[in-house]
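Reviewing the structure listed below.
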Amino acid sequence: MAGSSRAYGSTEAPGVRPRSGPQGPAGLREMAAALSEGSVTARQLTERSLARIDAARSSLNAFRIVRAEAALAEADAADGRLARGERLPLLGVPVAVKDDMDVAGEPTAFGCAGDFPPKRADSEAVRRLRAAGAVIVGKTHTPELGQWPFTEGPAFGATRNPWNPAHTPGGSSGGSAAAVAAGLVPAALGSDGAGSVRIPAAWTHLVGVKPQRGRISTWPEPEAFHGLTVNGVLARTVADAALLLDAASGPAPGDRYRPAPVCAVAAAARPPGRLRIALSFGRAFTASATPPDPVVRAAVERLAGRLESLGHEVVPEDPRYGPIGPLFVPRATAGVRELASRVPDPALLDPRTHGAARTGRLLGGAALRLSRRAEGLLRRRVGELFGRFDVVLTPTTATPPLRIGALAGLGALATDRAVIAACPYAWTWNVLGWPGVGVPAGFTPDGLPLGAQLLGPENAEPRLLALAAQLEAAEGWAEHWPPGAAD
């Protein structure tokens, strides 16, 4: 390794043997190509997806809402358009969205219990998926208001990990991740406010893209959680993630953030060039100083070795995070408070949600305004690293996937401490608003997925996707399927 006498070890990923995927086209691009050439129909793909969702309902519990009748009608309409020669990037392809996004005619409960009214219009991200021709088969589970890296709650029970149902798929986009990992849908939208796309990607062996703030619109909200949360994508391959990212990207007129457009599909298809990569295991200051699990550290170091074998320079270096925590907490808790005030029956909310809302009430004034003003200074401080490096490589989480119920029944403070100990690496990039791509990093000895994240500065998605695609070609991520996914 450049700059050090230490060289990373074997680049062979431990853990599980490759499995064949479900019969027929399994990926987003494969489905779109098969539909375009006429070797399969949108109804066939949608029926297959709905059948798998139904079969996995008791074992995985990934979906809050399944739009069986509406999805089949959309598929039939797509087949008619295809027969007339129309072609769109996702015309007739079944996909899912997280239940914090509005789908016309369906409620948006965002993990909460209660009777929510149906929405009158699609959110902008869903509207763009429809404009690209996608069939929306359903809305996936998320923990209450997307607060935790596990997908469990009294409103729906527990969403389980396809690799081992005793473990969580992560959160808060855990339903989307479980659905994609198990082959119920080829790709799905999620959202990421503190790692909520990247964490479940890590724990289910997927690619998870947290794009630049504003890349995928959050409308009808001008911003989500005061700029912390962005919409992102989950897929089995970088090419599929790039295709869904391009389809969903673009601003609504009222959006607060409007980054310059990029072409993710083109970026994922070109070589990244030789890059200088900072390998970081350092964390921003938190109350927990727990080091990463040795199996996590070994997996990320193995991936660093793979990057070196591909010709990149990898150097140990940590970003200078400084006092980033005070910029996160007011925005996160103020966001919880605002959303909690909109639910039909606040009495049904988790006590921990009420605690976060109380904190948001206390910090929603001067502390929140200060956290917003300090963001530019923080970007300059952390961004100094990108004068010397192109990409930062870190673990996505400090532990393998947690067991179902590991944090059930804990109080607010104990839950926060457990979450920080398990997931200390992802949330900082939400404060910065910069992009990150979560990639598989291997498996534990008993077959649980592990992940790493490639992080960059503002608008760095093309570089990150190009590097992730190069890694994927060397690692063969898509060859690995969880047990039972091919059934």
Side-chain angles (χ1 to χ4, degrees), residues 11-21 26 56 59-60 62 149-151 158-184 187-188 190 192 195-210 232-238 240-241 292-303 306 393-404 406 422-423 425-426 436-454 468 471-472 474-486:
T11 58
E12 295 303 312
V16 299
R17 294 181 178 180
R19 294 180 57 89
S20 60
S59 58
L60 294 184
F150 54 88
T151 302
T159 298
R160 297 180 179 273
N161 195 318
W163 293 90
N164 186 326
H167 292 261
T168 181
S172 62
S173 304
S176 287
V180 176
L184 312 186
D192 191 314
S196 290
V197 162
R198 291 162 289 158
I199 291 166
W203 285 353
T204 59
H205 192 70
L206 296 178
V207 176
V209 181
K210 172 212 172 298
V233 302
L234 289 145
R236 293 186 51 77
T237 68
V238 177
D240 282 357
D293 187 296
V295 73
V296 171
R297 186 178 186 105
V300 177
E301 289 180 337
R302 185 196 64 79
L303 208 63
R306 175 72 79 185
L393 169 67
T394 83
T396 304
T397 68
T399 70
L402 301 175
R403 294 189 70 85
I404 295 288
C423 303
Y425 292 107
V437 176
V439 296
F443 298 85
T444 66
D446 54 353
L448 288 171
L450 302 168
Q453 51 179 353
L454 306 171
L471 260 179
E472 179 186 301
E475 293 271 296
W477 299 326
E479 298 173 0
H480 300 280
W481 287 83

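All residue numbers refer to positions in the sequence shown, counting from 1. Source: prediction; values computed, not measured.
With a 4.5 Å cut-off on side-chain heavy atoms, Leu448 and Trp203 do not count as touching. Using a 4.5 Å heavy-atom threshold, the side chains of Val300 and Leu393 count as touching. Between Glu475 and His480, every side-chain heavy-atom pair lies at or beyond the 4.5 Å cut-off. With a 4.5 Å cut-off on side-chain heavy atoms, Leu206 and Pro440 do not count as touching. Residues Leu303 and Val439 have side chains in contact (heavy-atom distance under 4.5 Å, counting atoms from C-beta outward). No side-chain heavy atom of Tyr425 sits under 4.5 Å from any side-chain heavy atom of Arg198. Side-chain contact between Arg160 and His167: absent, with no pair of heavy atoms (C-beta onward) separated by less than 4.5 Å. Counting only heavy atoms from C-beta outward, the side chains of Pro162 and Trp481 never approach each other to under 4.5 Å.
Looking only at atom types and distance, the side chain of Ser196 has a donor-acceptor partner in the side chain of Ser172 under 3.5 Å away. For the residue pair Thr394 / Gln453, a side-chain donor-acceptor distance below 3.5 Å is found, with atom types taken as modelled.
Contact between Thr204 and Ala177 at its shortest, heavy atoms only, is OG1-CB, 3.7 Å. Taking each heavy atom of Val197 and Ser173 in turn, the nearest pair found is CG2-OG, 4.0 Å. Ala178 and Leu60 make their closest contact through O-CD1, 4.2 Å (heavy atoms, listed as atom of the first residue, atom of the second, distance). Residue Ala468 comes nearest to Trp477 through the heavy atom pair O-CH2, 3.5 Å, listed as atom of the first residue, atom of the second, then distance. The two residues Ala299 and Leu450 make their nearest non-hydrogen contact at CB-CD1, 3.8 Å. When all heavy atoms are compared, the tightest approach of Thr159 to Gly174 is CG2-O, 4.0 Å.
A salt bridge between Arg236 and Glu479 is absent, with no side-chain N of the basic residue lying under 4.0 Å from a carboxylate O of the acidic one.
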Which is it for Phe150 and Cys423 under the side-chain contact (heavy atoms from CB on, under 4.5 Å) test, yes or no, and what are the steps along the way?
CA-CA 11 Å; Phe150 54 88; Cys423 303; over 6 Å; no

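With sequence neighbours left out, the side chain to side chain donor-acceptor pair (under 3.5 Å) criterion links Thr168 to no other residue.
In this structure a side-chain-to-backbone donor-acceptor pair under 3.5 Å is present from Glu472 to Val238. Judged by distance alone, the side chain of Thr151 and the main-chain N or O of Gly170 form a donor-acceptor pair under 3.5 Å.
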